[in-house]
Every structure is written in structure tokens, then in C-alpha cells.
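Below: the structure, in C-alpha cells.
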Amino acid sequence: MDTLRRSLSRWKRYHIKVHLADEDLMMPLTVRPRDTVMDLRAHLVREGVTSWKKTFYYNSRQLEEHETLKEANIQNGSVLLLVSNK
């Protein structure tokens, strides 16, 4: 049963939003729980948003580059903040 649950989680998708603070814009993204912050950056680049000199925050906590969404407790419907490093 545990193996089945793990294999099904591979297909699980979250619909989250990234608040781009500099542009005052909300960007919707579809991601997987095992995606990392680096994967989020790649998603944004495909959407035309440069995010390399910016930091992601969730619940007032800075996210680490190799941290997965699951490790950060990010769930379906969550909103992440993307702020420029100044």
C-alpha cells in the first residue's frame, strides 16, 4: 500500500501562485511536491520572468535552493513571495 501511495504521489500536482513583489503580479504555476526552489525558478524563466537574483519566501521564511515544496510544507493553493535581493 505504501508503494502505491508513493507511486501516486509522483503524479500529484499543486496549483500555487508566486507573488512577484517588484512587478506587483501574481503568477500561477502548476508544480509537483518534489520540485525544488530551483525547479520553480526554471518554471518562471519559461514564463519570461527572471528570478536568479531574487529570493523566495513562504510563511515569512526564506526558502533554500535545494529544498523541495514538500519539505517547505507548501501545499495546493499556497502563495510564495519572490523578492529582489538588494
Side-chain angles (χ1 to χ4, degrees):
M1 185 67 162
D2 193 44
T3 305
L4 177 63
R5 189 175 298 133
R6 266 188 268 133
S7 67
L8 288 176
S9 71
R10 183 174 22 170
W11 303 105
K12 188 179 237 181
R13 298 279 192 258
Y14 290 164
H15 299 284
I16 65 168
K17 292 183 181 176
V18 177
H19 180 224
L20 307 172
D22 297 338
E23 292 89 23
D24 197 28
L25 178 71
M26 293 286 267
M27 177 76 65
L29 291 178
T30 302
V31 295
R32 295 176 303 224
R34 67 175 187 219
D35 285 349
T36 64
V37 172
M38 291 181 73
D39 296 329
L40 287 180
R41 290 188 190 283
H43 280 288
L44 290 173
V45 167
R46 277 184 244 132
E47 298 292 327
V49 177
T50 58
S51 64
W52 300 112
K53 292 186 178 183
K54 299 180 182 179
T55 304
F56 281 97
Y57 289 91
Y58 178 65
N59 283 345
S60 302
R61 187 177 71 80
Q62 182 176 341
L63 301 178
E64 301 297 326
E65 289 299 309
H66 297 287
E67 189 173 12
T68 66
L69 301 182
K70 186 174 182 176
E71 292 169 346
N73 274 342
I74 295 170
Q75 299 174 2
N76 196 32
S78 296
V79 177
L80 280 65
L81 178 64
L82 185 62
V83 180
S84 291
N85 298 339
K86 294 183 179 182

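By convention here, the first residue in the shown sequence is residue 1.
- Looking at heavy atoms from C-beta onward, Leu20 lies in side-chain contact with Val18 at the 4.5 angstrom threshold.
- A distance of 5.5 Å separates CZ in Arg32 from CZ in Arg13, rounded to the nearest 0.5 Å.
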Atom pairs and distances, donor-acceptor, side-chain atoms in residues 37-49, under 3.5 Å, two or more places apart:
residue, atom, partner, partner atom, Å
Asp39, OD2, Thr36, N, 2.8
Asp39, OD2, Thr36, OG1, 3.3
Arg41, NE, Glu65, OE1, 3.1
Arg41, NE, Glu65, OE2, 3.3
Arg41, NH1, Ser51, O, 2.2
Arg41, NH1, Lys54, O, 3.1
Arg41, NH2, Lys54, O, 2.7
Arg41, NH2, Glu65, OE2, 2.8

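- Both Leu25 and Leu29 belong to a single network of hydrophobic side chains, linked directly or stepwise wherever heavy atoms of I, L, V, M, F, W or Y lie under 4.5 Å apart.
- Applying the side-chain hydrogen bond (donor to acceptor under 3.5 Å, both in side chains) rule to Asn73 yields no partners; only residues at least two apart in sequence or on another chain are considered.
- Listed here is the closest heavy atom pair of Pro33 and Thr68: O-CB, 3.8 Å.
- The salt bridge (charged side-chain N to carboxylate O under 4.0 Å, His left out) search around Glu71 returns none, not counting sequence neighbours.
- To the nearest 0.5 Å, atom CG of residue Asp35 and atom CD of residue Glu67 are 13.0 Å apart.
- The shortest distance between side-chain heavy atoms of Gln75 and Ile16 does not fall below 4.5 Å.
- Not counting sequence neighbours, the partners of Thr30 by the side-chain hydrogen bond (donor to acceptor under 3.5 Å, both in side chains) test are His15.
- Remark: Tyr58 pairs with Ser78 by the side-chain hydrogen bond (donor to acceptor under 3.5 Å, both in side chains) rule, at least two apart or across chains.
- For Asp22, the side-chain hydrogen bond (donor to acceptor under 3.5 Å, both in side chains) test picks out Ser84, with sequence neighbours left out.
- Remark: Leu82 CG to Phe56 CZ distance equals 4.5 Å, nearest 0.5 Å.
- Results of the side-chain contact (heavy atoms from CB on, under 4.5 Å) test with Ile74 over Asn59, Val31, Leu63 single out Leu63 as the only residue that passes.
- Alongside Val83, the hydrophobic cluster contains Tyr57, Leu81 (criterion: ILVMFWY side chains under 4.5 Å).
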